[in-house]
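Following: one structure in structure tokens, then a few remarks.
Order of appearance sets the numbers: ligands from 1, and atoms from 1 within every ligand. In what follows, every heavy atom counts, from backbone to side chain, and hydrogens, waters and symmetry copies are set aside. These figures come from a predicted structure and were not determined experimentally.
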Amino acid sequence: VKLLLYLCSPEDNIYNVSFSRFKIRDLDSGAVILDIKKHGPTEIQDVIELDTRRFIQYHFSPAFLALRAIGATLEFTVGSKALHHFRLIERHFFRNLLLKTFDFEIGFCIPHSRNTCEHIYCLPNIEPEIVEEMIASPFETRSDSFYFVNNKLIMHHKAEYSFRGSV
Ligand SMILES: *[C@@H]1O[C@H](CO)[C@@H](O)[C@H](O)[C@H]1NC(C)=O
């Protein structure tokens, strides 16, 4: 049994921010690595309720760790209140080692809107020995995503990563 600690509750998402699509592409080749949609025929893996699930496991190939930069496209809808200073701070760890922190300012979103933004992640240079350990240790690479509106935490999502190939 795994205990996951979240720094806020699902009820703190008072703006009803709801994710409808998440896409990852390799910036160098343009190849799409992952495309998760909440609705629609191309829904993949076991990821169904993107907005209510706060925890997700990703299966990537070892080659993922050799990429230089990826673009992550996020599509989301907003409830009846505008979002001011919507911001995402993401921390990636291998075990207790902090790999990198990302800080993305999404900005202002109007009420009842559907928004798309792409964030560029320059992947950190990781020691080859650590990369080998990451590949050999599925789901010991983790991330925390903190979403803020007006400096207040409204969502905390967690992810775990395997780099041993798709299931
Ligand atoms: C969020 O959804 C709830 C339930 O549907 C609704 O009562 C509330 O007014 C919504 N809030 C916003 C900001 O859209």
Sorted by chain and number, the residues that approach ligand 1 to under 4.0 Å with a heavy atom: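 I14, N16, G79, S80, K81.
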Heavy atoms from other residues, nucleotides or ligands near CZ of R68 exceed 12 (cutoff 6.0 Å): no
Point-to-point distance, once rounded to the nearest 0.5 Å, from NZ of K23 to CD1 of I70: 12.5 Å
Carboxylate-amine/guanidinium contact R91 D144, below 4.0 Å: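 Salt bridge: no.
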Side-chain H-bond candidate by donor/acceptor type, H92 with E90, under 3.5 Å: yes
Side-chain heavy atoms of I36 within contact of I56, under 4.5 Å: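 Yes, at least one pair of side-chain atoms sits under 4.5 Å.
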Evaluation steps, side chain to side chain contact (heavy atoms under 4.5 Å, CB included), between T101 and D103: CA-CA 7 Å; T101 298; D103 188 343; 5.5 Å; no
